[in-house]
Amino acid sequence: MENGDGNEGASAFHVPEWMIQFADQKQEFNKRPTKIGRRSLSRSISQSSTDSYSSAASYTDSSDDETSPRDKQQKNSKGNSDFCVKNIKQAEFGRREIEIAEQEMPALMALRKRAQGEKPLAGAKIVGCTHITAQTAVLMETLGALGAQCRWAACNIYSTLNEVAAALAESGFPVFAWKGESEDDFWWCIDRCVNVEGWQPNMILDDGGDLTHWIYKKYPNMFKKIKGIVEESVTGVHRLYQLSKAGKLCVPAMNVNDSVTKQKFDNLYCCRESILDGLKRTTDMMFGGKQVVVCGYGEVGKGCCAALKAMGSIVYVTEIDPICALQACMDGFRLVKLNEVIRQVDIVITCTGNKNVVTREHLDRMKNSCIVCNMGHSNTEIDVASLRTPELTWERVRSQVDHVIWPDGKRIVLLAEGRLLNLSCSTVPTFVLSITATTQALALIELYNAPEGRYKQDVYLLPKKMDEYVASLHLPTFDAHLTELTDEQAKYLGLNKNGPFKPNYYRY
């Protein structure tokens, strides 16, 4: 059959009437969703906020056991009961996860091997409040191998891997955490770590500042024996600088978040991979062609934008900082105000470290089935509290996924109730966390062993030499070979051949 250049053949195809009708119906559906067939699974707001089990295939998050761990009497195989976890019987599964994580954390394992004989943390009593995952367990066991005693709580009510917490408790670590804690549970766990007879911390490892805040509020006299604080999040560091500015910081603090090995690797590369994992596990969505707005173009925002752009998404960026804004423009993203795109985007992601970035007004204007999530540490970026009103219905879809339904039938998809998406709904790359955990360990060693007077009651960055050391410990994994300066080259640059290679003001 002849059809010339192909146009005649194409025009000869007849579009069936049912296809036209389907297209019209689809457009109408996107404008206003139907209320017909709504399930009877809608739950009260209070139930929705606490009903949680793992979306990351946790062995221990069974909905069959609704008993609060606080109401259980549990002992490990040695008869010790100084812990509170979901189910101590799942320790074996957690131990396997920790062993897997060790394979991807070469620097921590090397540090454990090199410093185990010296015990640089002998006598250290570290109270920690971080995400309790297999990677954190490797850090805790490394700190223990270096001589420290540790007590630990979770910094996020959804990120704890119950089987890992059980494995740590079985190994003798006092751990107080489980996935799906209530707000009251959260503070109770922190208090159990701090308020214990015959044991007082002399070091703090914090992620978000909640532990530090609790000690300041409830047990301020403890700071007389605390040598220092190590803080790894934007939110927690901001709190520390506020305390320092007000003259209320009682001890030296190490800002790990702004160390190069944390910010440039954990914040950027970790989020570049985990944003897709978190969204895919919770929504099963396809990213190609989706319109996404990312609020904030710091290192976390950069990672999220790069990943989504690579998957074919149309990405918009909001920013308050003209420098970060210019970077976004030069990277090929359109800089907008949130109000300009809120009606058309399919996904809204916050990563600013601020509060009320997405307000009720924004939420009211979103399109049907818009996905809303947060990649910042704190749950303040999305005004979730404004959604807890009688006219809105909350419907639990799956773990960490809620439909919030308006009276006219419009619904948004809220992930992890506005809390940190990647650690609440999925997992994060172990290798990147090895970099962060090694940085934390070295910061603790530095503060604990520093002679009196080296650090005053202020916030400090990790010394550049330590940043470079952390990076060097990870290079053998890639069979990477560093070039060494000759004596002549070192003299020309005015550097020590062994580093540090960049001044403190250098921007990587």
Side-chain angles (χ1 to χ4, degrees), residues 41-74 83-91 93-94 97 128-137 152-169 175-193 207-208 210-211 277-278 281-283 373-374 377-380 382 384-385 387-388 394-404 413-428:
L41 294 177
S42 301
R43 302 186 180 186
S44 70
I45 294 163
S46 59
Q47 284 177 309
S48 177
S49 64
T50 56
D51 180 12
S52 170
Y53 37 91
S54 175
S55 58
S58 172
Y59 288 99
T60 61
D61 294 330
S62 171
S63 58
D64 294 331
D65 184 7
E66 299 295 340
T67 307
S68 169
R70 291 169 64 174
D71 299 328
K72 296 179 181 179
Q73 296 294 325
Q74 300 184 82
F83 62 87
C84 189
V85 300
K86 184 75 172 178
N87 187 352
I88 189 64
K89 294 179 181 178
Q90 298 299 324
F93 291 115
E97 293 196 26
C129 184
T130 66
H131 302 283
I132 296 184
T133 62
Q135 297 82 13
T136 305
W152 229 263
C155 69
N156 185 297
I157 64 175
Y158 292 141
S159 64
T160 298
L161 292 181
N162 286 335
E163 61 273 18
V164 170
L168 287 168
V175 173
F176 301 85
W178 58 93
K179 193 178 186 77
E181 298 169 9
S182 67
E183 290 290 334
D184 181 63
D185 292 334
F186 175 80
W187 295 112
W188 179 86
C189 288
I190 289 177
D191 194 71
R192 283 293 306 272
C193 284
D207 186 351
D210 290 319
L211 172 59
D277 188 19
R281 289 199 199 200
T282 50
T283 66
C373 63
N374 169 49
H377 175 83
S378 183
N379 63 335
T380 58
I382 302 165
V384 176
L387 297 175
R388 304 190 187 280
W394 285 59
E395 182 179 84
R396 175 52 54 96
V397 181
R398 58 170 70 161
S399 176
Q400 313 298 353
V401 182
D402 289 296
H403 280 163
V404 183
V413 182
L414 180 64
L415 304 183
E417 296 182 21
R419 296 179 185 274
L420 184 57
L421 172 69
N422 54 4
L423 279 158
S424 296
C425 300
S426 60
T427 58
V428 291

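Predicted model, so just to flag it, every value in this text is computed and none were measured. Residues take their numbers from the sequence shown, with the count starting at 1.
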**Request:** Decide yes or no for Val164 and Thr133: does some side-chain heavy atom of the first lie under 4.5 Å from some side-chain heavy atom of the second?
**Result:**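 With C-beta onward as the side chain, the pair stays apart.
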query = Does some side-chain heavy atom of Asp277 sit less than 4.5 Å from a side-chain heavy atom of Thr427?
reply =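 Heavy-atom side-chain distance check passes, below 4.5 Å.
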| message | Using the rule given for side-chain contact (heavy atoms from CB on, under 4.5 Å), can you reason through His403 versus Val413, listing the C-alpha separation, both sets of side-chain angles and the distance that settles it, and then say yes or no? | response | CA-CA 5 Å; His403 280 163; Val413 182; 3.8 Å; yes
Any donor and acceptor pair, going by atom type alone, linking the side chain of [X] with main-chain N or O of [Y] inside 3.5 Å?
| X | Y | result |
| --- | --- | --- |
| Asn162 | Trp178 | no |
| Gln74 | Ile88 | yes |
| Asn87 | Lys89 | yes |

| message | Could you walk me through whether Ile132 and Leu161 satisfy the side-chain contact (heavy atoms from CB on, under 4.5 Å) test, starting with their C-alpha distance in whole Å, then the side-chain angles of each, then the deciding distance to 0.1 Å, before giving a yes or no? | response | CA-CA 6 Å; Ile132 296 184; Leu161 292 181; over 6 Å; no
For the student: nearest non-hydrogen atoms of [X] and [Y], plus distance:
| X | Y | answer |
| --- | --- | --- |
| Gly278 | Cys425 | O-CB, 4.5 Å |
| Ala169 | Val85 | CB-CG1, 4.3 Å |
| Cys155 | Asp207 | CB-O, 3.3 Å |
| Ala167 | Gly94 | CB-C, 3.7 Å |
| Thr67 | Lys86 | O-NZ, 4.2 Å |
| Asn379 | Asn374 | CA-ND2, 4.5 Å |

Please round to the nearest 0.5 Å and tell me the distance separating atom [atom1] of [X] and atom [atom2] of [Y].
| X | Y | atom1 | atom2 | result |
| --- | --- | --- | --- | --- |
| Ser424 | His131 | OG | NE2 | 7.5 Å |
| Phe83 | Cys193 | CZ | SG | 13.5 Å |
| Leu420 | Ile157 | CG | CD1 | 12.0 Å |
| Glu417 | Trp394 | CD | CH2 | 5.5 Å |
| Gln400 | Cys373 | CD | SG | 12.5 Å |
| Trp188 | Asp191 | CH2 | CG | 9.5 Å |

By side chain to side chain donor-acceptor pair (under 3.5 Å), Asn156 pairs with (sequence neighbours left out) none
* salt bridge (Lys or Arg N to Asp or Glu O under 4.0 Å) with Asp184: which residues, sequence neighbours excluded? ->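 With sequence neighbours excluded, Asp184 shows a salt bridge (Lys or Arg N to Asp or Glu O under 4.0 Å) to Arg70, given in chain and number order.
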